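One structure is given below, encoded as structure tokens.
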Amino acid sequence: MNKISLVYYSATGNTEQMAKAIEEGIVEAGGKVTVYKASEMNKEDILSSDVIVMGSSATGAEVIDENDLLPFMEESGDKFKGKKVYIFGSYGWGGGEYADNWKAQLEGFGANIVAMPVLANENPSDDELAQLKEIGKKLVTI
Ligand SMILES: Cc1cc2nc3c(=O)[nH]c(=O)nc-3n(C[C@H](O)[C@H](O)[C@H](O)COP(=O)(O)O)c2cc1C
């Protein structure tokens, strides 16, 4: 069974709801996940996981959380090489463009993006939450 960590940034709760759906899926499938808010993450624990799940809303100008998650990504670069990674999040108006940049950055580090990111426009829909739950189930043994 995979060691899974999930770290997310959410200003108003949209990405947080999505994180909860993934967590539910993992737990339903008999797995375990340690969930961190980006401002409280344990970087070593996250980087020692088999599967790293990261969520962020779009902030600034089409970027992920610039206070914690972006610095973590940039300082950890090579440590993502060969890791199984899943990213998701919520955006307001940019069509989710920020996540394309994010995915490309991770792929540049050599990460293996295990499924297409689910991106919600503001509040996640029931369908998006259901998709995230299914992805959570798969992460347990992927
Ligand atoms: C300061 C700020 C900057 C934002 N920048 C973007 C952006 O560049 N592109 C975009 O699509 N949405 C942007 N948004 C909208 C948020 O990404 C959107 O409201 C999202 O649903 C918030 O999710 P959260 O509650 O998980 O943080 C921004 C919102 C705020 C408050």
Side-chain angles (χ1 to χ4, degrees), residues 2-81 83-142:
N2 287 321
K3 173 177 160 109
I4 311 174
S5 293
L6 187 161
V7 54
Y8 71 91
Y9 164 81
S10 182
T12 62
N14 294 333
T15 304
E16 184 169 47
Q17 281 182 61
M18 300 171 82
K20 291 215 162 98
I22 297 177
E23 181 180 9
E24 255 176 59
I26 293 170
V27 171
E28 254 184 44
K32 273 198 211 152
V33 56
T34 309
V35 180
Y36 297 101
K37 290 189 174 163
S39 57
E40 297 165 4
M41 74 176 117
N42 178 331
K43 296 176 184 175
E44 277 165 34
D45 184 46
I46 293 169
L47 289 167
S48 71
S49 305
D50 303 306
V51 179
I52 300 176
V53 186
M54 289 184 281
S56 178
S57 49
T59 75
E62 296 303 324
V63 286
I64 60 168
D65 164 36
E66 290 177 287
N67 290 328
D68 299 293
L69 213 46
L70 188 60
F72 168 60
M73 292 260 309
E74 286 176 344
E75 76 197 27
S76 307
D78 278 357
K79 297 187 180 142
F80 283 101
K81 197 176 168 104
K83 283 276 181 213
K84 294 170 198 162
V85 175
Y86 182 67
I87 59 172
F88 66 97
S90 173
Y91 64 93
W93 53 81
E97 191 186 318
Y98 80 108
D100 295 339
N101 304 333
W102 188 12
K103 183 167 170 281
Q105 185 179 25
L106 280 160
E107 284 170 343
F109 294 150
N112 171 15
I113 304 290
V114 295
M116 280 307 286
V118 171
L119 302 171
N121 184 358
E122 300 291 350
N123 245 314
S125 65
D126 289 348
D127 181 53
E128 285 159 343
L129 293 174
Q131 283 179 48
L132 288 161
K133 194 167 165 183
E134 285 311 304
I135 288 166
K137 288 181 186 170
K138 291 193 181 124
L139 295 178
V140 176
T141 52
I142 203 166

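Just so it is clear, the model here is predicted, and its values are computed rather than measured. Computed over heavy atoms, backbone and side chain alike; hydrogens, waters and symmetry mates excluded. Each ligand, and each atom within it, is numbered from 1 in the order the structure gives.
- Ranking the protein heavy atoms by distance from atom 19 (O) of ligand 1 puts Glu122 OE1, 2.8 Å first.
- Note that the CG atom of Leu106 and the NZ atom of Lys81 stand 13.5 Å from one another [nearest 0.5 Å].
- Taking any N or O of Gly95, backbone or side chain, none lies under 3.5 Å from an N or O belonging to ligand 1.
- Looking at Gly60, Ala19, Gly89 and measuring to atom 3 (C) of ligand 1, the nearest heavy atom belongs to Gly60.
- Counting protein heavy atoms under 4.0 angstrom from atom 28 (C) of ligand 1 gives one or more.
- When distances from atom 1 (C) of ligand 1 to the protein are checked, no heavy atom turns up under 4.0 Å.
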**Message:** Using side-chain contact (heavy atoms from CB on, under 4.5 Å), reason through Val118 and Tyr86 one step at a time and then give a plain yes or no.
**Reply:** CA-CA 9 Å; Val118 171; Tyr86 182 67; 3.4 Å; yes

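- Less than 4.0 angstrom separates some heavy atom of Thr12 from each of these atoms of ligand 1: 24 (P), 25 (O), 27 (O).
- Tested against Tyr9 for a side chain to side chain contact (heavy atoms under 4.5 Å, CB included), the candidates Asn67, Thr59, Leu70 yield a single pass: Thr59.
- Atom 20 (C) of ligand 1 has Ser90 OG, 3.4 Å as its closest protein atom, hydrogens excluded (heavy atom only).
- The shell of residues lying under 4.0 angstrom from ligand 1, judged by heavy atoms, excludes Tyr98.
- Glu24 and Lys20 are not joined by a salt bridge, as no carboxylate oxygen comes within less than 4.0 angstrom of a charged side-chain nitrogen.
- Nearest heavy-atom pair, Lys83 versus Ser49, reported as atom, atom and distance to 0.1 Å: NZ-O, 2.7 Å.
- Looking only at protein heavy atoms, the nearest one to atom 23 (O) of ligand 1 is Ser57 CB, 3.2 Å.
- Among protein heavy atoms, the minimum distance from atom 17 (O) of ligand 1 is reached at Ala58 O, 2.7 Å.
- When non-hydrogen atoms are compared, ligand 1 lies under 4.0 Å from the backbone of Ala61 (N, CA, C, O) but not from its side chain.
- Protein heavy atoms all stay at least 4.0 Å away from atom 31 (C) of ligand 1.
- Between Val63 and ligand 1, a contact under 3.5 Å exists for no N or O pair.
- In terms of protein heavy-atom proximity, atom 12 (N) of ligand 1 is closest to Gly92 N, 3.0 Å.
- The aromatic rings of Phe80 and Phe72 lie perpendicular to each other, with more than 60° between the two planes, well past the 30° mark.
- For ligand 1, the atoms lying closer than 4.0 Å to a non-hydrogen atom of Asn14 are 20 (C), 21 (O), 22 (C), 23 (O), 24 (P), 25 (O), 26 (O).
- Listed by number with element, the atoms of ligand 1 under 4.0 Å from a non-hydrogen atom of Gly94 are 10 (C), 11 (O).
- Salt-bridge annotation for Glu134 and Lys137: present, with a side-chain N of the basic residue lying under 4.0 Å from a carboxylate O of the acidic one.
- Protein heavy atom in closest approach to atom 6 (C) of ligand 1: Trp93 CZ2, 3.2 Å.
- In terms of polar-atom proximity, defined here as any N/O pair under 3.5 Å, Glu62 does make such a contact with ligand 1.
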